[in-house]
Engineer: 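Structure incoming, see below.
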Number of protein chains: 2
Amino acid sequence: MSEIKRGRGRPSKFDAETSLQVAMHLFWSHGYEGTSMTELTEAMSINKPSLYAAFGSKENLFHKAVEHYLAGPVAFIDAALQEKTAYEVVEKLLLDSAACLVHPDNPKGCMVLMGSLNCGKEAEAIKQEMIVRRQDYEQALKQRFILAQEQGDLSQDAAVDTLAKYVVTMHQGMSVQAVNGASRAELESLANLVLQHWPVNQQSANQTAS
Amino acid sequence: MSEIKRGRGRPSKFDAETSLQVAMHLFWSHGYEGTSMTELTEAMSINKPSLYAAFGSKENLFHKAVEHYLAGPVAFIDAALQEKTAYEVVEKLLLDSAACLVHPDNPKGCMVLMGSLNCGKEAEAIKQEMIVRRQDYEQALKQRFILAQEQGDLSQDAAVDTLAKYVVTMHQGMSVQAVNGASRAELESLANLVLQHWPVNQQSANQTAS
DNA sequence: CAAATTTTTTACCAACTGGTATAATAATAA
DNA sequence: TTATTATTATACCAGTTGGTAAAAAATTTG
């Protein structure tokens, strides 16, 4: 994978993947508006025209950085949704989140929240995009809970809307806690509190290997 | 309080209290960095030198706006802490919050969160101040729970640290939900979910000191 | 009236914002 | 070697940022 046939012109001296990683970290740390093009180019060690040639605009670079984030640091979310039972979904979701939100290699909190929770009107589009991503996340979780009801590992009485919103709310609140300085253990305590009260279906003791 | 003896010079044509209200709303909506001095002066209908004479700096204006916020829209928080039992404290806290976070007259979410969850390095001091305010809030709630244990309306086994962090986390997560577009009813459902599982002291109905 | 005082107004500042035109440079293809 | 091509580097753009100096206006005091 290192032997790439080079094109005709001057060879580019930066790797797009690596640059994206740097951009992701900056946007994750300081948000969309809080990160300037100058900071980005300096951290990437490239100059602005190169950055614009490679990514088009600041907004587009942010989009790419968010995709990089979803496919990387929080890939466990999609994995969690595929766990066997609703309980295990929530368990993996919140415990892995606890680890990720305060991981020493990462900026604190969730990028989809930190990216632009609040912003000036110039970044309104970015803010809306982040909102949609969070709504989609909640919807996916709700659908997973509906499936769990069909499969019998979640009580039919459970209000899946509220339950999904509850888990997402805790996840997002834990992001704020991470920024506030909470430790991994503290976040895990919160996760366990949610799990303690989880409305498992009483009658179906699902006997999958443990 | 309307008959103020005017000083010697030209009368100022703006009311500091009203201006602060306007500033509060702008900072609340778009955060510290997302609100420019030009937006502020235009919304207040005053020019910059007047604003600087009255409030010193953008940072100081923000401080004043936050104090205005704490004493106004979220004054119910201090009131909630004085309810009779821990259960009632949490009940008032979360239900009043649900109403406030999506009240049509207010920007969505909590100002102490929206003010500057994420920001560039120039606003780092503001961000830290908001963090401290959130930590203090959590501490106050924890102390209230300790008092509740002494008064007997909260189980001695309850982990007051985790419990306080849990309620605050839900509160902050509900702020994000408000931004995402959640309704008051949806936020109240979340609040009720927390209350359902509240660890009331089994043996004591209500008796004072131990 | 005129002096004194306080505010408003206008104009301005250097630094920074996202974004780009132009030219120099380094590779390949002929 | 000489074009051709793609990327880098330099310099620059108009607009905005937080903040201010200086003058003009409106009031009270003498």
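A note on names: the letters A, B, ... follow the listed sequences, proteins ahead of strands, and every chain is numbered from 1.
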Engineer: Could you pull out all residues at least two apart from A/E129 that satisfy side chain to side chain contact (heavy atoms under 4.5 Å, CB included)?
Structural biologist: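 Side chain to side chain contact (heavy atoms under 4.5 Å, CB included) check on A/E129 returns A/H63, A/I126, A/R133.
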
Engineer: Just the rounded figure in Å: distance from C1' of C/dA21 to OH of A/Y52.
Structural biologist: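 Between C1' of C/dA21 and OH of A/Y52: 14 Å.
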
Engineer: How are the rings of A/Y32 and A/F27 set to each other: parallel, tilted or perpendicular (split at 30° and 60°)?
Structural biologist: parallel

Engineer: B/L40 has an atom CG; how far is it from atom P of D/dG18, in whole Å?
Structural biologist: 8 Å

Engineer: Using a distance-only test with no angle check, is there a side-chain donor-acceptor pair under 3.5 angstrom linking B/N192 and B/S189?
Structural biologist: no

Engineer: Is a donor on one side and an acceptor on the other found under 3.5 Å between the side chain of B/K58 and the backbone of B/S36?
Structural biologist: no

Engineer: Which pairs would a plain distance check flag for residues 117-125 of chain B, meaning a side-chain donor or acceptor within less than 3.5 Å of a matching protein atom at least two apart in sequence or in another chain?
Structural biologist:
unit_1	atom_1	unit_2	atom_2	d
B/N118	ND2	A/M114	O	2.0
B/K121	NZ	A/E39	OE2	2.5

Engineer: Counting runs of three or more consecutive pairs, Watson-Crick or G-U wobble, with each distance below 3.5 Å, where are the stems of DNA chain D?
Structural biologist: C:1-30 with D:1-30

Engineer: Roughly how many Å is it from CZ in B/R8 to P in C/dT5, rounded to a whole number?
Structural biologist: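 My rounded result for the distance is 5 Å.
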
Engineer: Summarise how protein sits on nucleotides 8-17 of chain D as a single string, 5' to 3': B when a protein heavy atom is under 4.0 Å from the base, S for sugar-phosphate-only contact, - for no contact.
Structural biologist: SBB------S

Engineer: Quick one: A/I126 CD1 to C/dG18 C1', roughly how many Å, whole number?
Structural biologist: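 Value for this atom pair: 13 Å.
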
Engineer: Check side chain to side chain donor-acceptor pair (under 3.5 Å) between A/Q21 and all other residues, then give those that pass, not counting sequence neighbours.
Structural biologist: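 Scan of A/Q21 (side chain to side chain donor-acceptor pair (under 3.5 Å), adjacent residues dropped) gives A/H68.
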
Engineer: Could you check B/R184 against B/E188 for salt bridge (charged side-chain N to carboxylate O under 4.0 Å, His left out), going step by step and ending with a plain yes or no?
Structural biologist: CA-CA 6 Å; B/R184 177 170 171 178; B/E188 287 175 340; 3.1 Å; yes

Engineer: What ring-ring contact (aromatic ring centres under 6.0 Å, His included) pairs are there with at least one residue in residues 89-126 of chain A, not counting sequence neighbours?
Structural biologist: none

